[in-house]
Amino acid sequence: MEESCLLWLLVVTSLLSGCTHQASLNISPNRTQMFEGEFVSLRCEEDDSSDGWTVTRNTGGTRRQCGAGWGRKDGSSCTISSMRKWYSGVYWCESTGGAASSSITITVTDGAVILQSPVHPVMEGDDVTLTCTTQTSNLSAGFYKDGSFIRTEPTGHMTIHHVSRSDEGFYKCNTISDGESPPSWITVTEKPAATTSPPASSAPPSSSSPPRPEPAMLTVVLAILLGVVVFLVVLVLLVLLVRRLTNRKPKENDPAVVYSAVRPAEDLSYGQVIFKDKKTNRTRENDPAVVYSAVRPAQDLSYGQVVFKDKKTNRTRGLKSEPEVLYSSLK
């Protein structure tokens, strides 16, 4: 039961350690597994000293700050003169405003062997060294990950080169003479993307190839060329239209041509002209091809009788009235 609670505390630590905060918790000695009776110092290293960070822990489901039944508080530091097994739990820094730092899971054992592992999460690509030790010396030990055997190291040190996310898990060591250590969780964080700054100066373009125009300048040039092409097309269409209108021949019986010089119908009077030959006593009508477009209105005409007088005989004679002939004098 105690071991399962410890594993849950380790999982909670891994989740909390991925967050970024304004303070970090440092521990001395710099490891997460402690022997019973050891002296331990915890300190909150803060970005803003006015926040008043305090070391806080959660052990066995009970959450308390340093000085409230455990440890000795001195500002942002907390010292424990003698560690006890029930001090195993999650430790972190907490501000008066409620902010929390990344956490550390501390395991206190009454056994003879502990595993020294990184206190804080490690970054991808880094090397990690695990040490299996007692209170007096290092021992030849076998190392395990998530219960699976990795290898045996005679010096008690095992180094994992270029760690990745697949190396994340529970690690422990086992010795032949003194037993095994408690498990410790190792967290691997993703390496931040490298930001490359642009070069200070670029090489000048070679003489064989002309420099490429800037995108903005290229857009302006294309817009100007397009405008010129559109203008030329419109101009050509206008010229063709004008030439077609000027060279157009009038059609026969085109009302715009025949009646362009004729006054309105109410200003015109029409009459029929009949020609009569006295010798043959024949009459003929006027030529229909003749168009009388300058005839004045009827109210401008005057009518009269024509009389002929012979000087020798002093006689006068008139013309017989012919209803077919109209006489008019134009003013």
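- The shortest distance between side-chain heavy atoms of V163 and I160 falls below 4.5 Å.
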* Stepwise salt bridge (charged side-chain N to carboxylate O under 4.0 Å, His left out) test for E94 and R63 -> CA-CA 12 Å; E94 190 172 84; R63 178 180 174 276; 2.4 Å; yes

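- With a 4.5 Å cut-off on side-chain heavy atoms, Y87 and I80 count as touching.
- Between M83 atom CE and S88 atom OG the span is 7.0 Å, to the nearest 0.5 Å.
- The side-chain tip of R151 does not point at the ring of F143 from less than 6.0 angstrom away and within 45° of straight on.
- Taking OG of S76 as the reference point, atom CG of L42 lies at 12.0 Å (rounded to 0.5 Å).
- In the hydrophobic cluster analysis, where Ile, Leu, Val, Met, Phe, Trp and Tyr join through side-chain heavy atoms closer than 4.5 angstrom, V236 is grouped apart from V233.
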* To do: Apply side-chain contact (heavy atoms from CB on, under 4.5 Å) to M158 and I150, showing your working.
  => CA-CA 10 Å; M158 185 185 74; I150 303 175; 4.0 Å; yes

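- Although no hydrogens or angles enter the test, the distance criterion places no donor-acceptor pair under 3.5 Å between the side chain of T56 and the main chain of R64.
- Of all non-hydrogen atoms in Y171 and L130, the two that sit nearest each other are CD2-CD1, 3.6 Å.
- At distances below 3.5 Å, not a single donor-acceptor pair connects side-chain atoms of R165 with backbone N or O atoms of T189.
- Pairs passing the side-chain hydrogen bond (donor to acceptor under 3.5 Å, both in side chains) check and including a residue from residues 26-39, sequence neighbours excluded, read N26-E45, R31-E38, Q33-S184.
- Other residues, nucleotides and ligands contribute more than 12 heavy atoms inside 6.0 Å of the CG atom of D126.
- To the nearest 0.5 Å, the span separating OG on S102 from NE2 on H120 amounts to 6.0 Å.
- There is no side-chain donor-acceptor pair under 3.5 Å between S24 and S101.
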* Go through the steps for V119 and I27 under the test side-chain contact (heavy atoms from CB on, under 4.5 Å), then give the verdict. => CA-CA 8 Å; V119 174; I27 183 172; 4.0 Å; yes

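- In this structure, T107 OG1 and L115 CG are separated by 10.0 Å, a value rounded to the nearest 0.5 Å.
- Side-chain contact between Q116 and T129 is absent, with no heavy-atom pair separated by less than 4.5 Å.
- When all heavy atoms are compared, the tightest approach of C66 to G71 is SG-C, 4.0 Å.
- In plain terms, the two heavy atoms of T159 and H161 that are nearest each other are CG2-CE1, 3.7 Å.
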* To do: Show your reasoning for whether side-chain contact (heavy atoms from CB on, under 4.5 Å) applies to W185 and E168.
  => CA-CA 8 Å; W185 176 268; E168 197 173 65; 3.7 Å; yes

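- At least one side-chain heavy atom of T133 sits less than 4.5 Å from a side-chain heavy atom of I114.
- When every heavy atom of V90 is checked against every heavy atom of S103, the shortest pair comes out as CG1-CB, 3.6 Å.
- Counted within 6.0 Å of CZ on F149, heavy atoms from surrounding residues, nucleotides or ligands total more than 12; the atom is thus considered enclosed.
- For the residue pair W53 and S95, the shortest heavy atom distance occurs at CE3-N, 3.4 Å.
- T152 places no side-chain N or O within 3.5 Å of a backbone atom of G142 that could act as its donor or acceptor partner.
- Counting heavy atoms from C-beta outward, S140 and T175 have side chains that stay 4.5 Å or more apart.
- Side chains of K73 and T54 form a contact here, defined as non-hydrogen atoms less than 4.5 Å apart.
- By the 4.5 Å heavy-atom criterion applied to side chains, V40 and T79 are not counted as neighbours.
- With no hydrogens or angles considered, no side-chain donor-acceptor pair links D178 and T134 at under 3.5 Å.
- Only one option out of Y91, W86, W70 pairs with T59 in a side chain to side chain contact (heavy atoms under 4.5 Å, CB included); it is Y91.
- V188 and I104 are not part of a single hydrophobic cluster, where members link through side-chain heavy atoms under 4.5 Å apart.
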* Asked: Are C132 and L139 close enough, and set up right, to give a side-chain contact (heavy atoms from CB on, under 4.5 Å), and what steps lead you there?
  -> CA-CA 6 Å; C132 191; L139 301 174; 5.5 Å; no

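- With hydrogens and angles left out, the side-chain atoms of S41 and R43 include no donor and acceptor closer than 3.5 Å.
- Annotation: L237, atom CG; neighbour count of heavy atoms from other residues, nucleotides and ligands within 6.0 Å is above 12.
- Put simply, the side chain of T109 does not reach to within 4.5 Å of the side chain of M34, judged on heavy atoms.
- Here the side chain of D127 pairs a donor or acceptor atom with the backbone of H162 at under 3.5 angstrom.
- The minimum heavy-atom distance linking K172 with P182 is given by the pair CB-O, 4.0 Å.
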